[in-house]
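Take a look at the structure below.
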Amino acid sequence: MTNIDIQNIVDGVATALGKGVSVDDLSGRLVTYSAQHGRADEARIRSLLTRAVPEDIRAWQDKHGVATATEPVEVPPNPDLGMRARLCVPLMHHGVKTGTLWILQSDDTWSAPALLNQLACLGDQIDTLAALQYDKANPQLEERRNREATFQHACQADPTALDGLRSWPALYALDTVHVLVCLPTLTHDPARRSDTKAAQLRVALHQTLAACSHVLATSVQDTHTTVLVRSSHGADTPLRLHHDLTAAVATTAARTDTPPPVFVGVSSPLKTIDRLPDAYQQSVTAAQAAAVDPELSPLAAWDDIGPYRFLAQNLRRDILHQSELYDRLHAADDSGDLLHTLEVYYDSASVNQVAQRLHLHRTSLYYRLGRIKDAIGTDPLDGPTRLELHMAIKTARWMRRPRL
């Protein structure tokens, strides 16, 4: 199909709705527009003349969630911009946003709910328009999807995909390259998950990662995002990327919601392509550890997660009964203070450090240790007892990790 076909669809939609309609690509460039139904506002005229969305109009649209929208969004009028109301209809194809269909207010009969009802009858036309935009407006989308698939399959140790990565010119000096795995907690909560939210999250993450010059490869999945990133000298690239990903996830949260935390795991340096599957598992484990242990959260490196490295590699099933001593302490600890005190004690280098972290006087700390001894029937600081309880506490955390 050609540009004439796209124009015919746009004109057909405009006629069916009785409104002016236009289509933008992902960069905001005007692709095509219908004949005006009624009077055009100043903002539409400016866009038509420049064939692009002026920055002030773009800022107003983005303020109302247009940039990451995957469902229709009404943009209210802005008299200062000479702009009447608009309905933004994201064009989605195979879960990928390919452009935006705009329906423009041209008279006083504007009703977004009524337009949405009319759009429900135009689903085939909208889907066809999205598919055409997918093929025409951004040919790099298909290449990106192929690269994502190759990268993700390589992370899963697919030999063909690993061979394919070796031909990528960007993958040189791998001693400065790390694998990052990002776990947005929104996708791990079934009660909050929806197709719309998942699609919005994918769009936001793709846009954020595309703007990062240190990113060499990405794979955005429903449960997690995998990134191959090159660290720059003198900069904490993983920390900066975590900040950017957190901001991207926040844009998909409802205005009344608290943005969910984002957990990131970082592998050790890649060194060779053959190590990619191992580095991927390292970053997954580190991200899972960050999700369950506040001492590591929100960004954890494989080299810093201690016992979780052992648990990930050796705990092959969900063990219901882990430690009799742990079970005794858990049963006697209604508030969780005793387990928390013991974990901090085991993780710390000195009694003073423990007291400072728990905001306790040393006398109060020793009192709690005495209660723990009474609950378990033995000294929690005795060598074998300490080792058993420390690993049991960390195992209990590990069992709560998000599964991929």
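Rounding to the nearest 0.5 Å gives a distance of 7.5 Å between OG of S350 and CD of Q356. Distance check, rounded to the nearest 0.5 Å: CD of Q288 to CZ of R401 gives 5.5 Å. Put simply, OG1 on T208 and NE2 on H243 are 11.0 Å apart, with the number rounded to the nearest 0.5 Å. Taken from CG in L296 to CG in D304, the straight-line distance is 8.0 Å, to the nearest 0.5 Å. To the nearest 0.5 angstrom, H178 atom NE2 is 7.0 Å from T176 atom OG1. Here CG of L339 is found 6.5 Å from NE2 of H330. Values are rounded to the nearest 0.5 Å.
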Between I57 and N78, does a side-chain contact (heavy atoms from CB on, under 4.5 Å) hold up when you go through it step by step? CA-CA 9 Å; I57 296 176; N78 186 328; over 6 Å; no
Does R309 form a side-chain contact (heavy atoms from CB on, under 4.5 Å) with T285? I'd like the steps, not just the answer. CA-CA 7 Å; R309 294 167 55 152; T285 301; 5.6 Å; no
Residues V13, L129; criterion side-chain contact (heavy atoms from CB on, under 4.5 Å); working and verdict: CA-CA 10 Å; V13 171; L129 191 59; 5.8 Å; no
Please test Y326 against I376 for side-chain contact (heavy atoms from CB on, under 4.5 Å), starting from the C-alpha separation and ending with a verdict. CA-CA 8 Å; Y326 177 88; I376 64 177; over 6 Å; no
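Of all heavy-atom pairs spanning Q7 and Y33, the tightest one is NE2-O, 2.9 Å. Of all heavy-atom pairs between S219 and Q221, the closest is OG-NE2, 2.6 Å. Closest of all the heavy-atom pairs between F263 and S297 is CE2-OG, 3.1 Å. Here the closest heavy-atom approach between residue A290 and residue A300 is recorded as CB-CB, 3.9 Å. Taking each heavy atom of A392 and S323 in turn, the nearest pair found is CB-CB, 3.8 Å. Nearest heavy-atom pair across A154 and L162 is O-CD2, 3.7 Å.
Cation-pi geometry between R147 and W168 is satisfied (NZ or CZ under 6.0 Å from the ring centre, within 45° of the ring normal).
Counting heavy-atom neighbours within 6.0 Å of R386 CZ, excluding the residue itself, gives a total above 12. For NE2 of H214, the number of neighbouring non-hydrogen atoms (other residues, nucleotides, ligands) closer than 6.0 Å is greater than 12.
Of the possible donor and acceptor atoms, one in the side chain of S167 sits under 3.5 Å from a partner among the backbone N and O of G164. A donor-acceptor distance shorter than 3.5 angstrom exists from the side chain of S34 to the backbone of V21, with no hydrogens or angles considered. Put simply, the side chain of K373 never gets that close to the backbone of L381: no donor and acceptor are under 3.5 Å apart.
Counting only residues at least two apart or in different chains, salt bridge (Lys or Arg N to Asp or Glu O under 4.0 Å) contacts with residues 204-214 are absent. Pairs of residues two or more places apart, or lying in two chains, that qualify as side-chain hydrogen bond (donor to acceptor under 3.5 Å, both in side chains) and include a residue from residues 268-278 are R166-D274, S268-Q282.
Contact check for V96 versus H206: no side-chain heavy atoms found under the 4.5 Å cut-off. Annotation: side chain of H224 is in contact with side chain of L183 (closest heavy-atom distance under 4.5 Å). With a 4.5 Å cut-off on side-chain heavy atoms, R86 and W60 do not count as touching. Counting heavy atoms from C-beta outward, L209 and D244 have side chains that stay 4.5 Å or more apart. V31 has its side chain out of reach of V10: every pair of non-hydrogen atoms, C-beta onward, lies at least 4.5 Å apart. Contact of the L116 side chain with the L87 side chain is registered, since non-hydrogen atoms from C-beta on lie closer than 4.5 Å. For the pair L30 and S22, the minimum side-chain heavy-atom distance is below 4.5 Å. Counting only heavy atoms from C-beta outward, the side chains of L245 and L180 never approach each other to under 4.5 Å.
S335 is linked by a side-chain contact (heavy atoms from CB on, under 4.5 Å) to D333, D337, counting only residues two or more places apart in sequence or in another chain. Remark: T341 engages R368 in a side-chain hydrogen bond (donor to acceptor under 3.5 Å, both in side chains) (not counting sequence neighbours). Here E74 pairs with W110 under the side-chain hydrogen bond (donor to acceptor under 3.5 Å, both in side chains) rule; sequence neighbours left out. With sequence neighbours left out, the side-chain contact (heavy atoms from CB on, under 4.5 Å) criterion links D62 to R58, V66, A67. Remark: D382 engages no residue in a salt bridge (Lys or Arg N to Asp or Glu O under 4.0 Å) (not counting sequence neighbours). Listed by chain and number, the residues in a side-chain contact (heavy atoms from CB on, under 4.5 Å) with E343 are D293, D347, I393, K394, R397 (sequence neighbours excluded). Listed by chain and number, the residues in a side-chain hydrogen bond (donor to acceptor under 3.5 Å, both in side chains) with R357 are E295, S348 (sequence neighbours excluded). Considering only residues two or more places apart in sequence or on other chains, N352 meets the side-chain hydrogen bond (donor to acceptor under 3.5 Å, both in side chains) condition with R362. Shown here are the ring-ring contact (aromatic ring centres under 6.0 Å, His included) partners of H390, two or more places apart in sequence or in another chain: Y346. Remark: H242 engages T246, V262, V264, P298, L299 in a side-chain contact (heavy atoms from CB on, under 4.5 Å) (not counting sequence neighbours).
Each of L216, T237, L270 was checked for a side-chain contact (heavy atoms from CB on, under 4.5 Å) with R230, and the lone residue meeting it is L216.
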